[in-house]
Amino acid sequence: MSAQLTVHNSLTRQKEVFNPINEGRIGMYVCGPTVYSDVHLGNCRTFVSFDVIYRYLLHLGYKVRYVRNITDVGHLEGDVDTGAEDKIAKKARIEQIEPMEVVQKYMNGFHDMMTVFNTLKPSIEPRATGHIVEQIEMVQQIIDNGYAYEKNGSVYFDTIKLAKEDGRYGKLSGRIIEDLLVETRDLKNQSEKNHPSDFAIWIKAAPEHIMRWNSPWSVGFPGWHLECSAMSTKYLGTNFDIHGGGNDLKFPHHENEIAQNYGSCDCEPANYWLHTNMLLMNGKKMSKSVDPETGISNSIAPGELFTGDNPNISKGYSPMAVRFFMLQSHYRSTLDLTDVALTAAEKGYRRLMDANKILQDLSHPGKGSAGELDKEIQELIQLAYTDMSDDFNAPKALARLFELVTKINGLKAEHLAFDQITPETLVTLKATFTTFIFDIFGLLDDALAGGGDGEYETLDGLMQMVIKIRQSARQNKDWGTADTIRDTLKALKIQLKDGKDGTAWSKE
RNA sequence: GGUCGGGUGGCCGAGCGGCUAGGCUCAGGUCUGCAAAACCUGCUACCGCGGUUCGAAUCCGCGUCCGACCUCCA
């Protein structure tokens, strides 16, 4: 059905044929959010991208164990040396609530958002605080192997030692070892670290720090990066298939993660590293700082995107329109979010959904032979799979679907003839659309979704009644009534589509 | 400053040595009571300058502009 799967590996900076460690099974770890504030829209893009990747791997028939963590301790603001504070602890202090309340609140918000974007849940979603024991054990292993040292109750990873040994440190992020070594002379502050690039894997808690655990070195807490090394090892093993995350995590997070895995067991954690690119807004990185001239900030929260309650956009966009917008670009490319681009995506999304509805209602008259049209359709279907197998090229596969949309509408409009395609091809086409749109791309039809519990049926029943009334008005040439109905519905964002065989309706 | 990735038609966005994606917009047409929708037709682009090649948006060099990471930022 599909061609050989290739993926772009950040480790080698090139596309490689994907071969899982265990036949038919895939272990995939994706860095989840640090839950100290509302989830960032850019983060949503990353998770939607990996959702499509996950869905496609499942579609290919792999048994995938998808692990996506929740970081709920250890992610510092600033550097350890300069009296940095844990992000969650800081938020707890400011809001005067328990750190775990902070975690729960934003984790719930994150989960809600993932549901809104219709992402599949990971197989395991481990939390850093739930794996303190594993992390302490890993610190001990790293110390035992000579890759870490203790200073006043805190433990630091010795990056220079690892860098000197066959240049293992810096491979992923492209750091130059010589530069690292030269920096040694700049050690002017009274840091506990032997070298500026060393990083904390266990941090002694200051007296006022409330998130703290006993350890052989001090009452403290684990360093950021460590949770991912410990939890990926626990659930996927010391060597697994895919590790993913946002591009911004490449350094230092992922580089340090690799260092920790080398340090603890001398193993390379993942065979393939996949990184998603950034989401920009109006050509620039989102930033909450307010522009002094315009008085608005170049940023938007996911919720605002849906309600339209943000000066950067003219109206609200449905989550599925946004998901479609994301699908139109490759996961390794930056994506520029703008109002006009979203409007364009919204229309494209509706066009695809409407075409699918039309397709599913088409029935083949019975006889038809494989003509040129049949061949074209079969080829486009095949190409869509080939594209997805080429480093998950969703935008290209989506383009194939749109080429098929033209065929579908053509058949519906009787511009193209059914006798040019076989009944089997129509069945395949229907199945392909369902598979791609819903299973692989993870879209939902807004017009059908929403209410649930038969709400659509109720609405459709009402609409059929209204359409019938308007139809009789039209037969009586009562254009005033007919147009009033049409305009009133239009104001309610319901569009009537008059066709040869009656009138259809759809939500805008 | 260092490292990395980019500049594609009116806009977004694939392609990454030959076969000139796709979405949106726009213009003309078919259909329609009018319109919308749908369909048909049209709109040939690759930052600049060199080079390699039979042939470059695609490879190389220089320049230029933009972004990311290096530092809190997803």
Side-chain angles (χ1 to χ4, degrees), chain A residues 10 13 31-34 37-47 75-79 82 84-85 87 90 170 173-176 179 196-197 245-253 255 275-280 283-289 299 324-325 327-330 332-352 354-355 358 380 383 387 390 393-416 473-475 477-479 482-483 486-487 489-490 495-500 503-506 508:
Chain A
S10 301
R13 281 150 228 263
C31 287
T34 299
S37 68
D38 291 320
V39 64
H40 191 284
L41 187 61
N43 232 165
C44 292
R45 187 211 179 187
T46 293
F47 298 131
H75 198 157
L76 300 182
E77 230 168 52
D79 202 41
T82 55
E85 198 173 3
K87 290 185 176 190
K90 182 184 176 187
S173 58
R175 299 292 117 157
I176 297 166
D179 291 355
S197 68
N247 213 221
D248 54 328
L249 294 177
K250 241 188 217 172
F251 189 86
H253 187 60
E255 193 67 62
H275 288 98
T276 58
N277 215 136
M278 302 293 98
L279 177 69
L280 305 177
K284 289 189 191 126
K285 183 173 182 169
M286 286 195 209
S287 166
K288 283 181 184 146
S289 60
S299 71
F324 178 91
F325 170 69
L327 285 167
Q328 275 188 304
S329 79
H330 188 89
R332 277 192 299 112
S333 300
T334 52
L335 173 60
D336 192 12
L337 185 97
T338 60
D339 194 46
V340 286
L342 283 169
T343 305
E346 185 181 51
K347 292 196 178 164
Y349 162 70
R350 277 291 6 133
R351 180 150 184 254
L352 181 66
D354 289 346
I358 289 168
L380 285 168
L383 284 170
D387 294 332
D390 180 13
N393 199 329
K396 209 170 169 186
L398 189 57
R400 308 294 187 193
L401 255 44
F402 271 103
E403 289 187 62
L404 288 166
V405 164
T406 306
K407 312 286 183 209
I408 291 164
N409 286 329
L411 285 168
K412 164 79 174 172
E414 294 172 17
H415 177 259
L416 296 174
R474 291 177 72 198
Q475 274 163 0
K477 298 201 190 302
D478 179 3
W479 308 129
D483 291 353
R486 184 214 287 156
D487 296 344
L489 289 172
K490 177 84 181 165
Q495 185 185 48
L496 293 182
K497 300 173 182 180
D498 294 330
K500 272 183 188 162
T503 302
W505 67 276
S506 73
E508 282 183 9

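Lettering follows sequence order; numbering is per chain, from 1.
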When you compare [N] with [M], how far apart are their [atom1] atoms, in angstrom units rounded to a whole number?
| N | M | atom1 | answer |
| --- | --- | --- | --- |
| B/U58 | B/U52 | P | 15 Å |
| B/U25 | B/A38 | P | 9 Å |
| B/C47 | B/G67 | C1' | 15 Å |
| B/G63 | B/G10 | P | 29 Å |
| B/A27 | B/A36 | P | 11 Å |
| B/G29 | B/A37 | C1' | 16 Å |

What's the closest nucleotide to the side chain of [X] if the choices are [options]?
| X | options | result |
| --- | --- | --- |
| A/Lys284 | B/G67, B/G22, B/U32 | B/G67 |
| A/Arg400 | B/A21, B/G33, B/C70 | B/A21 |
| A/Leu280 | B/G33, B/G67, B/A21 | B/G67 |

Examine the base of B/G33 for any acceptor or donor lying under 3.5 Å from a partner atom in the side chain of A/Asp483, and report the outcome as yes or no.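 Checked by distance alone, the answer is yes.
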
Taking donor-acceptor contacts at under 3.5 Å, does the side chain of A/Arg486 reach the base of B/A35?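 Looking at the base of B/A35, it does pair with a donor or acceptor on the side chain of A/Arg486 (distance under 3.5 Å).
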
Whether A/Trp479 stacks on the six-membered ring of B/G33 base, 5.5 Å and 30° limits: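 A/Trp479 ring centre within cut-off of B/G33 base, planes near parallel; stacks.
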
Across all strands shown, which nucleotide pairs with [N] by Watson-Crick or G-U wobble geometry, both distances under 3.5 Å?
| N | value |
| --- | --- |
| B/U20 | none |
| B/A27 | B/U41 |
| B/C49 | B/G61 |
| B/G5 | B/C66 |
| B/U71 | none |

Residue whose nearest RNA chain B nucleotide is more 5′ - A/Leu249 or A/Phe324: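 The answer here is A/Phe324.
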
Mapping A/Lys250 and A/Glu403 onto RNA chain B by nearest heavy atom, which one lands closer to the 5' end?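 That would be A/Lys250.
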
Applying side chain to side chain contact (heavy atoms under 4.5 Å, CB included), name anything that partners [X], two or more places apart in sequence or on another chain.
| X | answer |
| --- | --- |
| A/Thr503 | A/Ile467, A/Arg470, A/Gln471, A/Arg474, A/Leu496, A/Asp498 |
| A/Ser10 | A/Leu172, A/Lys250, A/Trp273, A/His275 |
| A/Leu249 | A/Cys31, A/Trp224, A/His253, A/His254 |

Applying a 4.0 Å non-hydrogen cut-off, can you work out what [X] is touching in the nucleic acid: base, sugar-phosphate, or nothing?
| X | value |
| --- | --- |
| A/His253 | nothing |
| A/Glu414 | nothing |
| A/Lys347 | sugar-phosphate |
| A/Gly42 | base |

CG of A/Asp390 versus P of B/A21: gap in Å, rounded?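 Those two atoms, CG and P, are 18 Å apart.
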
For [X], which residues count as a salt bridge (Lys or Arg N to Asp or Glu O under 4.0 Å) partner, sequence neighbours excluded?
| X | answer |
| --- | --- |
| A/Lys284 | none |
| A/Lys407 | A/Glu376 |
| A/Asp483 | A/Arg486 |
| A/Lys497 | A/Asp354 |

Scan nucleotides 8-14 of chain B against the protein and return all N/O pairs shorter than 3.5 Å with their distances rounded to 0.1 Å.
unit_1	atom_1	unit_2	atom_2	d
B/G13	OP1	A/Asp336	N	3.0
B/G13	O2'	A/Gln328	O	3.1
B/A14	OP1	A/His330	N	2.7
B/A14	OP1	A/Ser333	OG	3.1
B/A14	O3'	A/Asn393	ND2	3.4

Between the side chain of A/Gln495 and the main-chain N/O of A/Ser506, is any donor-acceptor distance below 3.5 Å?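 No, the answer is negative, given that no donor and acceptor are paired below the 3.5 Å cut-off.
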
Is the backbone of A/Gly283 close enough, under 3.5 Å, to the side chain of A/Asp336 for a donor and an acceptor to pair up by distance?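 It does hold such a pair.
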
Is A/Asn277 close to A/Arg45 at the side-chain level, that is, under 4.5 Å between some pair of heavy atoms?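 Result yes, sub-4.5 Å side-chain heavy-atom pair found.
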
To the nearest 0.5 Å, what is the distance between CG (A/Leu398) and OH (A/Tyr349)?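 Result: 12.5 Å between the selected atoms.
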
Review item, nucleotides 36-39 of chain B N/O atoms under 3.5 Å of protein N/O:
unit_1	atom_1	unit_2	atom_2	d
B/A36	O2'	A/Gln495	NE2	2.5
B/A36	N1	A/Asp498	N	3.4
B/A36	N1	A/Asp498	O	3.0
B/A38	O3'	A/Asn409	ND2	3.1
B/C39	OP1	A/Arg351	NH2	3.3
B/C39	OP1	A/Asn409	ND2	2.4

